[in-house]
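Single-structure report; data block below.
Order of the sequence lines sets the chain letters (A, B, ...), proteins ahead of strands, with each chain counted from 1.
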Amino acid sequence: MINKKKKSSLFDGRIMKRALIDSFIKLNPLNQLRNPVMFVVEVGSILTSLLFVQSLFVPGAESPWFIFSISLWLWATVLFANFAEAMAEGRGKAQADALRGSRKDVNAKKLSEPKQDAGVTPVPSSQLRKGDYVLVEPGDIIPGDGEVVAGVASVNESAITGESAPVIRESGGDRSAVTGGTIVLSDWIIVQITANPGETFLDRMISMVEGAKRQKTPNEIALDILLAGMTIIFLFATATLLPFSMFSVAAAGQGNPATIVVLVSLLVCLIPTTIGGLLSAIGIAGMDRLIQANVIATSGRAVEAAGDVDVLLLDKTGTITLGNRQATAFIPAKGREINAVADTAQLASLADETPEGRSIVVLAKTEYGIRERDITSLGAKFIPFSAQTRMSGVDLNGRQIRKGAADAVAAFVTSKGGVFPADVTVTVDEVAREGATPLVVTDGKDVLGVIRLNDIVKGGIRERFAELRKMGISTVMITGDNPMTAAAVAAEAGVDDFLAQATPETKLALIRKHQAGGKLVAMTGDGTNDAPALAQADVAVAMNTGTQAAKEAGNMVDLDSNPTKLIEIVEIGKQLLMTRGTLATFSIANDVAKYFAILPAVFIATYPQMAVLNIMGLQTPQSAILSAVIFNAVIIIALIPLALRGVTYRPGGAGIVLRNNILIYGVGGLIVPFIGIKLIDMLVNFLHLV
Amino acid sequence: MTTNGIIQIILYLTVLGLLVKPLGSYMAKVYQGESLLITRVLGPVERLIYRLLGTRPEEEMSWKMYAVACLLFKFAFFILLFTLMRIQGILPLNPQNFPGVAPDLSFNTAVSFITNTNWQAYGGESTMSYLTQMSGLAVQNFVSAAQGMAVLVALIRGFSRRTTSTIGNFWVDLTRSFLYILLPLSLIMAIILVSQGVVQNLSPYKTVPLVQTINYDNPKMDANGKAVLTSDGKPVTEPAKATEQSLPLGPAASQIAIKQLGTNGGGFFNVNSAHPYENPTPFSNFLEMLAILLIPAALCYTFGRMIGDRRQGWALLAAMAVIFIPLLFFCYSSEQAANPFLSPLGIDQSGGNMEGKELRFGVANSALWATATTAASNGSVNAMHDSFSPLGGLAPMVLMQLGEVVFGGVGSGLYGLLAFALVAVFISGLMVGRTPEYLGKKIEAYEVKMAAIVILVPCCFVLLGTAIASVTADGIAGISNPGPHGFSQVLYAFSSMANNNGSAFAGLNANTMFYNTLGGIAMLFGRFWTMIPILAIAGSLASKKYVQPSAGTLPTHTPLFILFLASVVIIVGALTFFPTLGLGPIAEHLMLYK
């Protein structure tokens, strides 16, 4: 199961073992063809292996042992790159295996029509088709993706989300989608199947995490082209070195022309093998990091687009403000004491462990001095919130104390034979108009007053928005509130703009307006009425709790259904691009040191004066060349953790980020190989490897 | 380096810098079709040209149509120029009665002039008739330069336009470049040059008595024209006397003005601007040097003005300067240094390495000219680059190998640098975690592919040409020096041809079937396989929508980006050519100073 609490370690033993085997399977040249840089290395490995065999029978300019060593390390270079890719894939595969476990074939209770008392036929879930109706009762596994058409039930979705708290699924509204493989805990529902077997959300998720359907993203393709271009230039530069060295040997009258083994070594050292070898691992790992954050993207393209986002549309509730509002005032009904309202409201909320409930108790205590009481010593019975009553409260000495939405309480009062006071209705409307939420408190049929719940802006969100602004991303708050309330919350939260009294149409228009200005827009949504906007947005994250329509319109699904996740997704997208850019820079910067290692080694016999270019003081020409090749291979392994984790991302302006990355990976890439090759050369000579 | 030399260089750079803005802004106005005094005066001529060409100026072209027009235009001129050289013997304005030019040399020269290379495997005063010089070569100097500028303007439109499929009208861009920029500037410059003593006439060459008779030893030849040798293999000589000399004349000034301004570089006379009739005085020298970099530098400002953000133009100019100025002083200090072989002989070398340099210009002006002419793809010379010290010769070679993007050819230099800028933006864009954007346009796989071709093709042809020449008998036959310097001669030749520069290490005997053919191919690819992908980029960019910059967008006018762009240019060049430079000038230098 995907478990967000326990992140799997980067180097899990089982994954490593499987990756080791996979690195050899991936030696298949057809597999390597997708990556031109590594394909060239593999061809070089094969060529030097053949030269080694030849040298055993026909003595040439280089010793068989030297050719063997070079060949060995060239093969190692290919294997290391394969290993990086296999490691990145391995984590996905492990997760896919776990997900497959929940895709069991179950016996579904197929209904002839969407009624609970219709005839039930037991059918294996693999034979269900779109449009079929099934009945799901407590303890049953939901046999496939679908919409609830009747009933209400609590469902355990931990198989998909890793979250153990059950969720409510009911017909109609925005909580009607259910996912195959999840379990109904209480009550019953009738589900209309919306996906054929093999096309379900779980199936899509498995193929995504496995990387089976991974396609190269646009920036990856562009980088591939650039790397291929560089490979061609270096192919020319090393191939022409043979005629050049022949000419020079003839001109100087001493030395030998460069051998094929040496030229292949130089070529492999110069072409960008570091980034070439890690490129696909970086892409897979980026996707993997998203999965670790419990977000499933439908394509790598969407992840990359996330890094480019210019505008974030954020829903107010749950993202900018705490999803739970807090009590800020008690407003008595006509002829009632405010203290009585506070007292009753406190009683109704004593056993209510929701943040709203607790905030009512706190308000009663701090404003009206009503001390907290122990519900069991009072002998009260807690009536929890239920989907049907939409109220909660306590039964105490025959009193039925309830709080809830106005219409729910009105229905309750009427059922008791009471009358819902007109002035309370007015108060409720006023509170609602201010953008706050009214809860009505009643003691049996006597309506006492209204509790006002207000939005509370999340702690730290203001700083988060300032960071985003630095990254060049502007934030727009979307709310159904009236403009006055919206403006107040927007100012408090520090968003750049807001859209008040948002409707699906105004949301869609806002997205189109930003896109027309060449901006990329990201948003989250869950309701069916969000679907058009989700489909229009460049990065659209659907909440897993949302409707099927929303999930299909979006290009990502957040299993945690946490709207703040959007910011994290943007950072993962940026990190993915940055990792590619920095490792490409590092790879190319490395070439300078490799030239200084190999060139003097190749030409010292022809032009002895070239010894001054051996600034690293490498001991022999052979050890110099071998050391450069070894460094080139080992650096791939050394950088696997960086490729899988991604480079550290600190939000900041583009100029500062570029300066830091150039200093670390550009200048660092110039210096590191000088030290590395020197150390390897010392080791090679100490161990008498050449 | 001497104070005097440094002051001259600073003066040069200052005057150049001061002219960038007025000329750049004037050119922008010309291309944007703004009404100027000159356009009102010459407007009828412009419209007449359109009528003759059968084009309507408001008719826009897609990038493919633009490229086809470019290529057909050049092909027509190639045929014309090739034919003219072949049959010049029977045409008028040929007072020296030069015969038709050999087919391979005609091919090489025609290619050389249509590609703005002006590589010369011939000596002007001993090969070309006045008609060929005036109506063939000088015309190409104008149109090849105008074509480079037209392609640049098309690329600029790619950046400045939004979601459109057209990038302008080739004939309009060509005509305006020619009529309003190159022609008036050349006219002014030619008149000033004449005032300094540059010749401009149609007279036959003059024979004059020498002021001082010269006595020398002439090798004795047998009946078959072979040198007679003594028994120990030394040539037999006989004393000879020279009492008179032939002074070449001709319509030089008009051709020299455009050869300097249009980064052409093809001299009227064989020794180019080292010849006293081509470059007589220090003032003419200063003016000709200024003309080399004038338009390429000013076009940066034109670029900034046309895309509506002048800082971007200044940034590109700064990136050029960041590469150019250090190499200039590197060349100058190398030439100023004494030759260690001459020092023990007690020769005064305070004037620097004077071999192959004109006394009236000295080391500073020769080094400045050599770096300017190779930074811009001009290729004219006022000193013999073959005689430079190994590292002094390395500087011009490197400037060409960087792809002629440090100033570069008129138009072609800036569009080449813009290809590098796309690559720099791409890498740095990834490093800041955003799909790269340059000047509001997203840089994607297609642009990267085309930019890679622009950078790749000249590099490959330099390496390939040098490789073929260094292992084939025909190639080796042309080399006149042993050891690494011989290699440098070949490397310099192909660096020059594949990058459309045209200057040479003159020691190489390049007028052979082998070098004429291979060099001609290198010049064609170097010119057109950069031009076509650039037009493709222009077309692709023009069709894209504009992306508003935000704080997350990488600014491309900052010192950081300027340095990064310069580093990309240097790293690509250095990584490609480090081994060859090692076997040529660096090996030679190490042997000289062992």
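Interface remark: B/Thr553 contributes backbone atoms only to the contact with chain A (heavy atom separation under 4.5 Å). With a 4.5 Å cut-off on non-hydrogen atoms, B/Phe564 touches chain A through its side chain but not through its backbone. Neither the backbone nor the side chain of A/Val647 comes within less than 4.5 Å of any heavy atom in chain B. The contact between A/Leu599 and chain B is made entirely by side chain atoms (from C-beta outward), counting heavy-atom distances below 4.5 Å. Heavy-atom distances place no part of A/Ile598 under 4.5 Å from chain B, backbone and side chain included. Only the side chain of B/Ile571 comes within less than 4.5 Å of a heavy atom of chain A; its backbone N, CA, C and O stay farther away. Using a 4.5 Å cut-off between heavy atoms, B/Lys449 touches chain A through backbone and side chain atoms alike. Neither the backbone nor the side chain of B/Val462 comes within less than 4.5 Å of any heavy atom of chain A. Looking at B/Phe426, the atoms closer than 4.5 Å to chain A (heavy atoms on both sides) all sit in the side chain, from C-beta outward. Contact annotation for B/Ile479: only side-chain heavy atoms (C-beta onward) come within less than 4.5 Å of a heavy atom of chain A. Contacts between B/Pro484 and chain A at a heavy-atom distance below 4.5 Å involve backbone atoms as well as side-chain atoms. Using a 4.5 Å cut-off between heavy atoms, A/Ile233 contacts chain B through both its backbone and its side chain. Heavy atoms closer than 4.5 Å to chain B are found in both the backbone and the side chain of A/Met610. For chain B, no part of A/Ile656 is nearby; none of its heavy atoms comes within less than 4.5 Å. The contact between B/Glu444 and chain A is made entirely by backbone atoms, counting heavy-atom distances below 4.5 Å. In this structure, the portions of B/Thr466 lying under 4.5 Å from any heavy atom of chain A include both its backbone and its side chain. Both the backbone and the side chain of B/Leu456 have a heavy atom closer than 4.5 Å to some heavy atom of chain A. Looking at B/Val471, only its side chain comes within 4.5 Å of chain A, counting heavy atoms on both sides.
For the pair A/Glu304 and A/Arg580, the salt-bridge criterion is met [side-chain N within less than 4.0 Å of a carboxylate O]. Salt-bridge annotation for B/Lys544 and B/Glu447: present, with a side-chain N of the basic residue lying under 4.0 Å from a carboxylate O of the acidic one.
Checking side-chain atoms of B/Lys441 against main-chain N and O of B/Leu541 turns up a donor-acceptor pair under 3.5 Å. Using modelled atom types, no side-chain atom of B/Tyr492 and backbone atom of B/Met397 make a donor-acceptor pair closer than 3.5 Å. Proximity of a side-chain donor or acceptor of A/Arg289 to a complementary backbone N or O of A/Arg645 within less than 3.5 Å is detected. Side-chain atoms of A/Asp496 come within 3.5 Å of backbone atoms of A/Thr475 as a donor-acceptor pair (strictly under, hydrogens ignored). Side chain of A/Thr231 to backbone of A/Leu227: a donor-acceptor contact under 3.5 angstrom is found. In this structure, the side chain of B/Thr164 does not engage the main chain of B/Arg161 through any donor-acceptor pair within 3.5 Å.
The candidate from B/Phe487, B/Tyr546, B/Phe577, B/Phe561 with the greatest count of non-hydrogen atom pairs under 4.5 Å with chain A is B/Phe487. Contact tally against chain B (heavy-atom pairs below 4.5 Å) for A/Phe244, A/Tyr649, A/Phe234, A/Phe236: the top residue is A/Phe244. Put simply, of A/Ile221, A/Leu242, A/Leu583, A/Asp591, the one with the most heavy-atom pairs under 4.5 Å next to chain B is A/Asp591. With chain B as partner, the option from A/Thr240, A/Asp308, A/Leu576, A/Leu235 having the largest number of non-hydrogen pairs under 4.5 angstrom is A/Asp308. The greatest number of non-hydrogen atom pairs below 4.5 Å with chain B, out of A/Gly307, A/Ser474, A/Ala589, is found for A/Gly307. Of all the listed residues (A/Val309, A/Leu266, A/Thr582), the one sharing the greatest number of non-hydrogen pairs under 4.5 Å with chain B is A/Thr582. Counting heavy-atom pairs closer than 4.5 Å to chain B, the top-ranked of the candidates A/Ala250, A/Ala222, A/Gly518 is A/Ala222.
Atom CG of A/Leu312 is separated from atom CZ of A/Phe465 by 8.0 Å, given to the nearest 0.5 angstrom. Distance CG/B/Leu583 to CZ/B/Phe578: 10.5 Å, rounded to 0.5 Å.
No side-chain N or O of A/Thr606 forms a donor-acceptor pair with one of A/Gln254 less than 3.5 Å apart.
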Legend entry - Trace of the ring-ring contact (aromatic ring centres under 6.0 Å, His included) decision for B/Tyr593 with B/Phe341: CA-CA 9 Å; B/Tyr593 289 90; B/Phe341 280 85; 8.7 Å; no

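Taking the six-membered ring for Trp and thresholds of 30 and 60 degrees, A/Tyr665 and A/Phe586 have ring planes more than 60 degrees apart, a perpendicular arrangement.
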